[in-house]
Amino acid sequence: MEYVASLAPAVEEALVAAPFTVEGRLPLMICTPGSEQFLPLPPDIELIVPVSDAQMLATVTVQNEAYGESAPSPEDGKRLGNSLAAGGIAVLARVAATGKPAGAGVCSVPGNQTTEIAGIGVRVAFRRRGIAAALTTRLVQEAFDAGVTVAFLMAAHQEEVRIYTRAGFSTIGEILHISLLPR
């Protein structure tokens, strides 16, 4: 489970006694129209919004690879397609000359003009070139163009905080990740 601990400060103590285990505390960051920063795209990389089944599967594949997960099934690509059909957003980074997938990210289906940016992942061979920053920038742009007024995300570590800060996000709190211990 995850929640903003500062909104319910007594809950954590009760959950730990239940016995839940704290898995992490991640910075909660937001970006609103006018605070976004447009970061450069590496010259050999293009960003596209996936539309074909192959592009959707490539998006999920590169995310899974970036996060060390197993290869996705065609159904995973279809789930992404369903999310996009419902208003979600995805962006695929790929080598312009070859179409080889390099990175990807998604936004949840907006609700109340708010969306979560998530799953920004870059394949190992393409890291440290600015692709994650460019993906963040494009996802924010796509979200704001779709009427979103607040984009939020959670940064897993300080390097991500630096990337997201450069893209115009600011830290507004902390998300507590906590889970129930198996019995």
Side-chain angles (χ1 to χ4, degrees), residues 1-3 23-24 26 28-29 31 36 39-148 150-157 159-160 163-164 167 169 175 177-180 182:
M1 149 172 43
E2 59 187 41
Y3 70 99
E23 295 177 357
L26 302 178
L28 174 61
M29 303 180 78
C31 185
E36 73 274 22
L39 302 175
L41 179 64
D44 62 329
I45 299 294
E46 65 182 358
L47 300 178
I48 66 164
V49 173
V51 292
S52 71
D53 289 345
Q55 290 169 345
M56 287 185 221
L57 186 57
T59 300
V60 178
T61 298
V62 77
Q63 288 176 302
N64 282 18
E65 183 180 321
Y67 286 98
E69 297 175 13
S70 61
S73 69
E75 290 76 31
D76 294 321
K78 289 184 191 322
R79 271 194 288 283
L80 176 59
N82 292 339
S83 174
L84 298 182
I89 298 165
V91 175
L92 175 63
R94 61 186 190 178
V95 176
T98 65
K100 182 176 184 176
V106 298
C107 294
S108 64
V109 174
N112 297 320
Q113 298 176 306
T114 302
T115 190
E116 179 179 13
I117 294 178
I120 297 174
V122 177
R123 297 171 81 191
V124 173
F126 294 96
R127 291 184 182 162
R128 307 200 62 76
R129 296 179 45 201
I131 295 171
L135 281 165
T136 303
T137 296
R138 178 68 181 274
L139 286 163
V140 167
Q141 177 186 11
E142 294 284 336
F144 292 166
D145 288 350
V148 166
V150 176
F152 74 94
L153 52 73
M154 292 166 277
H157 47 75
E159 185 176 331
E160 286 184 0
I163 291 168
Y164 301 144
F169 283 80
I175 296 288
H177 288 255
I178 192 165
S179 62
L180 184 60

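- In this structure, Glu142 CD and Thr115 OG1 are separated by 11.5 Å, a value rounded to the nearest 0.5 Å.
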Inset, instruction - Could you go through the side chain to side chain contact (heavy atoms under 4.5 Å, CB included) check for Met56 and Val60 one step at a time? - result: CA-CA 6 Å; Met56 287 185 221; Val60 178; 5.8 Å; no

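- For the residue pair Leu135 and Ala104, the shortest heavy atom distance occurs at CD1-N, 3.5 Å.
- Glu2 approaches Ile175 most closely through the heavy-atom pair CB-CG2, 3.7 Å.
- Atom CG of Asp44 has more than 12 heavy atoms from other residues, nucleotides or ligands within 6.0 Å.
- Of the inter-residue distances, the one linking Leu28 atom CG with Phe169 atom CZ reads 10.5 Å to the nearest 0.5 angstrom.
- Looking at every heavy atom in both residues, Arg123 comes nearest to Ala66 through N-CB, 4.4 Å.
- Salt-bridge formation is not detected for the pair Asp145/Arg138: no Lys NZ or Arg NE/NH1/NH2 atom is positioned less than 4.0 Å from an Asp or Glu carboxylate oxygen.
- Nearest heavy atoms, Ala90 versus Val106: CB-CG1, 3.9 Å.
- Of all heavy-atom pairs spanning Ile117 and Cys107, the tightest one is CG1-SG, 3.6 Å.
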Inset, instruction - Start with the C-alpha gap between Glu160 and Met29, add the side-chain angles, then the distance that decides, and say whether side chain to side chain contact (heavy atoms under 4.5 Å, CB included) holds. - result: CA-CA 11 Å; Glu160 286 184 0; Met29 303 180 78; over 6 Å; no

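- The minimum heavy-atom distance linking Ala134 with Pro40 is given by the pair CB-O, 3.8 Å.
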